[in-house]
Amino acid sequence: MNSTVSQSTFLLTFLLSVGLFFFIRASTKDRTEVMQLTSEQDENTLMAALKEYFRSRAYRVSAVDSAKNQVTFEGLVSPSWFLAIFLTILAAVGLGCLALVLSMLLPDFGQFFLVIILFSPLSGLLYWKKSGRLEKVSLKMENIPSGQNFSSTITVTAHRDELAELQRALQLKTLDT
């Protein structure tokens with residue numbers, strides 16, 4: 001094979017491998033966000049609904065600050081078997097492609113490069129170890145007068161997926177600023 005073609009193929013495969021590495025690393029990244037949500041329900045009714053929602057999602061109350069009107073829930077987030085297996089397969093394919101290109105560039109050592117595929121289960125293990133963690137959700141309640149009645153505003157600090165599910169389950173609206 002032409003040397004220029006082999007070298008450019010190696011460069012592209014190496015860049016794809018770097019992208020794969022950062023994709024695997026990003027699978028465990030903390031994605032905590034702060035969002036202000038509003039509801040037409042009064043504070044007591046909304047807090048009861050929030051407590052029931054988080055109880056059903058296996059969270060428990062870990063701290064209550066009455067002075068700031070703030071409640072903190074925590075719950076254990078378990079890693080996904082599907083994602084661990086998927087990341088392992090992706091790593092195996094990516095490392096296999098890198099090994100194939102390296103074996104074409106250096107044919108004398110071609111068989112030895114296939115050994116790097118054995119490192120692919122490390123990606124699933126990395127994901128499994130880092131993604132199973134204790135998640136905290138912090139809620140701060142406020143009552144804001146809106147016309148003739150009051151609406152409740154909640155400032156929520158949580159994982160972005162949890163925020164989306166909370167908003168969907170309790171029909172909460174984002175606060176327009």
Side-chain angles (χ1 to χ4, degrees), residues 9-37 39 46-65 70-105 109-141 154-174:
T9 303
F10 170 73
L11 178 65
L12 291 173
T13 305
F14 179 74
L15 290 175
L16 287 171
S17 298
V18 170
L20 177 62
F21 169 77
F22 283 108
F23 178 76
I24 291 169
R25 201 176 96 189
S27 69
T28 62
K29 184 180 176 187
D30 183 29
R31 289 177 170 76
T32 301
E33 295 180 0
V34 177
M35 185 181 285
Q36 286 192 317
L37 302 171
S39 173
L46 182 59
M47 186 52 87
L50 287 167
K51 283 182 182 179
E52 178 58 30
Y53 168 80
F54 284 113
R55 187 197 60 73
S56 70
R57 306 251 317 157
Y59 283 85
R60 64 177 180 79
V61 176
S62 67
V64 177
D65 187 352
Q70 187 170 351
V71 178
T72 303
F73 295 92
E74 47 181 49
L76 184 64
V77 175
S78 60
S80 164
W81 277 101
F82 172 77
L83 194 52
I85 292 168
F86 179 68
L87 289 173
T88 301
I89 292 170
L90 274 180
V93 169
L95 291 174
C97 291
L98 184 62
L100 179 64
V101 171
L102 285 172
S103 68
M104 288 171 32
L105 279 175
F109 304 103
Q111 300 301 320
F112 297 112
F113 290 120
L114 294 176
V115 172
I116 68 172
I117 297 173
L118 297 176
F119 290 108
S120 64
L122 292 177
S123 64
L125 187 64
L126 171 81
Y127 164 76
W128 195 263
K129 293 285 185 187
K130 289 195 172 189
S131 67
R133 62 183 172 269
L134 193 65
E135 286 284 334
K136 290 190 176 193
V137 176
S138 178
L139 302 170
K140 184 175 182 179
M141 299 282 293
I154 318 156
T155 303
V156 185
T157 305
H159 188 278
R160 69 178 178 189
D161 295 337
E162 193 65 53
L163 286 170
E165 183 61 27
L166 173 67
Q167 193 174 4
R168 186 197 64 74
L170 298 180
Q171 286 101 28
L172 301 172
K173 297 179 179 103
T174 56

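The shortest distance between side-chain heavy atoms of V156 and L163 falls below 4.5 Å. You'll find the side chain of M35 stays beyond 4.5 Å of the side chain of L166, heavy atoms only. Here the side chains of F73 and K51 are in contact, with some heavy-atom distance below 4.5 Å. Residues S39 and L170 have side chains not in contact (no heavy-atom distance under 4.5 Å, counting atoms from C-beta outward). L105 is not listed as a side-chain neighbour of T9, based on a closest heavy-atom distance of 4.5 Å or more. Between T174 and L37 there is a side-chain heavy-atom pair separated by less than 4.5 Å.
The distance from atom CH2 of W128 to atom OG1 of T28, rounded to the nearest 0.5 Å, is 14.0 Å. Taking NE2 from H159 and CD from E33, the interatomic distance works out to 8.5 Å, rounded to the nearest 0.5 Å. Taking CD of Q167 as the start and CG of L172 as the end, the distance is 6.5 Å to the nearest 0.5 Å. Interatomic distance, L100 CG to L95 CG, rounded to the nearest 0.5 Å: 12.5 Å.
By the 30° and 60° cut-offs, the orientation of the rings of Y59 relative to F54 is perpendicular.
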Does the side chain to side chain contact (heavy atoms under 4.5 Å, CB included) test come out yes or no for E162 and E135, once each step is laid out?
CA-CA 10 Å; E162 193 65 53; E135 286 284 334; over 6 Å; no
Take L87 and S27 through the side chain to side chain contact (heavy atoms under 4.5 Å, CB included) test and state the conclusion after the steps.
CA-CA 9 Å; L87 289 173; S27 69; 3.4 Å; yes
Intermediate values then yes/no, side chain to side chain contact (heavy atoms under 4.5 Å, CB included), I154 and L50:
CA-CA 10 Å; I154 318 156; L50 287 167; 3.9 Å; yes
Do F10 and M104 pass the side chain to side chain contact (heavy atoms under 4.5 Å, CB included) test, and can you show the C-alpha distance, the side-chain angles, and the key distance before you say yes or no?
CA-CA 9 Å; F10 170 73; M104 288 171 32; over 6 Å; no
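Contact between S123 and T88 at its shortest, heavy atoms only, is OG-CA, 3.5 Å.
Looking at S138, its side chain never comes within 3.5 Å of a backbone N or O of T157 through a donor-acceptor pair. Panel note: side chain Y127, backbone S80; a donor-acceptor pair is recorded below 3.5 Å.
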Using distance only, find each side-chain donor-acceptor pair of residues 110-122 under 3.5 Å and give its atom names and separation, not counting sequence neighbours.
from : atom 1 : to   : atom 2 : distance (Å)
S120 : OG     : I117 : O      : 2.9

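Within a 6.0 Å radius of CZ in R31, other residues, nucleotides and ligands contribute more than 12 heavy atoms. Few gaps surround OH on Y53; more than 12 heavy atoms of other groups in view lie less than 6.0 Å from it.
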